[in-house]
Number of protein chains: 2
Amino acid sequence: MSIRHAILGFLSWKPFTGYELKKLFADSLSFHWTGNNNQIYGSLIQLHRDGLVSQEVQPQEKLPARKLYAIPPAGREELRAWLLAEPELPQLRNSFHIQLAWAEALSDRELDSLLEAYERVLEAQTLMCRERARRGLAAPGRSPREILVWRRIEEKRVGDYEDELDWLRSLREDLKALSPEPS
Amino acid sequence: MSIRHAILGFLSWKPFTGYELKKLFADSLSFHWTGNNNQIYGSLIQLHRDGLVSQEVQPQEKLPARKLYAIPPAGREELRAWLLAEPELPQLRNSFHIQLAWAEALSDRELDSLLEAYERVLEAQTLMCRERARRGLAAPGRSPREILVWRRIEEKRVGDYEDELDWLRSLREDLKALSPEPS
DNA sequence: CAAAGCATGTAAGCAGTTACATGATTGT
DNA sequence: ACAATCATGTAACTGCTTACATGCTTTG
């Protein structure tokens, strides 16, 4: 699995330029590659070299030529093959949990302020996700099946952040009960 | 965050060889680097070069020399600095969800068998995690605080897989309701 | 006699991130 | 005047994964 498959996925809707794809990735909750603008252009060049996307160059006056990418049959086959591939388990690597696992070197107060900081970023993320999910995705009207699947995926993502927040809050309470602050 | 911090974490318990660290990573649910045996040896060399771990070479007859690594004050400082660093949000990149998002090219039956395959691997993973969590970690007896934190982290991991399984099952049901199979 | 355990590493490659680089047009 | 939008890319780096490489000892 790499960003190239997701690019093929978007192109299976309709042709896009690299710039448009960049925005699609940035706007979607579920495809949160961070350093996209770079990776997308590179991936498109690769995909084109491999014959999995076609390129239509549209010269513009005084602006760089738009390169509109579409998905030819070979690309659709590659996409389909990937869709049918063995599902991978989610990674679930939470770097904060690893940080926490070694927090024995911190005092109770330091640990609590670390947890508080995590709670703050989680809260912000949860709010942002919920807001974006509420506004709905900018996806073109597709089949009821696809709409259902996409909604479920987005809901799961929001739910995951909310679960992490609940977990964190309950952990903080248990820690407080374990060693109550001298007040 | 990288594997080097987790190595420093383990060494903060007591000295270990690369081989032992490899097993610790392999045995723990929460630190699931896959290609460790390689990365660990390389990271130890780096850490040693940077003065963050110390190395005691113990020659053996007819076996490669054991290299026992310990954590000097500089390493403890680095560990502490990392512990106090800004918490990172969990990544939540689920490559199966991305696969699913583009499954429009699949028939109802193909989609369902994909979901079924995912359910199988998730079930296996959940069982494996639960079993391992039940057996408890091989960690040396530490403070009540550390024990609580470690248990919570492991429980969260199992819970995450279980949630994913619940989510998947409910999605399958909804999809079945949407387009009932011609039986 | 084969498999698992002990014990170390190297090399090649991929995916993703950050930073750098250019430059016109449109909106506030 | 400044920021945002349009539009493309390159280079360097980090972290992780896969495959390769060696060789002895203990257990089944």
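Just so it is clear: chains get the letters A, B, ... in the order the sequence lines come, proteins before strands, and each one is counted from 1. Note that this is a predicted model, so its numbers are computed, not measured.
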Provide, to the nearest angstrom, the distance between the CZ atom belonging to A:Phe31 and the P atom belonging to C:dT17. 15 Å

In this structure, how many angstroms lie between the P atom of D:dA7 and the CD1 atom of A:Ile40, rounded? 15 Å

Any side-chain N or O of A:Gln60 below 4.0 angstrom from OP1/OP2 of D:dC6? no

Treating A:His32 as the side-chain partner and B:Gln91 as the backbone partner, does any N or O pair qualify as donor plus acceptor under 3.5 Å? yes

Using the six-membered ring wherever Trp is involved, compare the ring planes of B:Trp13 and B:Trp150 and label them parallel, tilted or perpendicular (cut-offs 30° and 60°). tilted

Are OP1 or OP2 of C:dA15 and a side-chain N or O of A:Arg4 less than 4.0 angstrom apart? yes

For A:Tyr41 and C:dA21, what is the distance between atoms OH and P respectively, to the nearest whole Å? 18 Å

Select from B:Gln46 and B:Pro64 the residue whose nearest nucleotide in DNA chain D is closer to the 5' end of that strand. B:Gln46

Ignoring backbone atoms, test whether A:Arg93 places a side-chain nitrogen or oxygen under 4.0 Å from the OP1 or OP2 oxygen of D:dG15. no

Check whether NZ of the Lys or CZ of the Arg A:Arg172 lies under 6.0 Å from the centre of the six-membered ring of A:Trp167 and within 45 degrees of that ring's axis. no

So what does A:Gly18 hit on the nucleic acid, given a heavy-atom distance under 4.0 Å: a base, only sugar-phosphate, or nothing? sugar-phosphate

Rounded distance in Å - CG (A:Leu63) to P (D:dC6): 11 Å

Can you tell me how far P of D:dA11 sits from CD of A:Gln39, to the nearest Å? 17 Å

Distance-only donor-acceptor test, B:Asn38 side-chain atoms vs D:dT18 base atoms, 3.5 Å: yes

Counting only side-chain nitrogens and oxygens, does A:Lys67 get under 4.0 Å of the OP1 or OP2 atom of D:dG9? yes

When the nearest nucleotide of DNA chain C is assigned to A:Thr34 and to B:Ile45 on a heavy-atom basis, which residue is associated with the more 5' position? B:Ile45

Single-linkage hydrophobic cluster B:Tyr69~B:Trp82, side-chain heavy atoms < 4.5 angstrom: yes

Once you round it to whole Å, what is the distance between P of C:dG16 and NZ of A:Lys22? 18 Å

Separation of atom OH in B:Tyr19 from atom C1' in D:dT22, rounded to whole Å: 14 Å

Between C:dA24 atom C1' and A:Arg66 atom CZ, what is the distance in whole Å? 15 Å

Side-chain N or O of A:Lys23 closer than 4.0 Å to phosphate OP1/OP2 of D:dC6: yes

Answer yes when B:Arg80 and A:Glu110 have at least one side-chain N-carboxylate O distance shorter than 4.0 Å, and no when they do not. yes

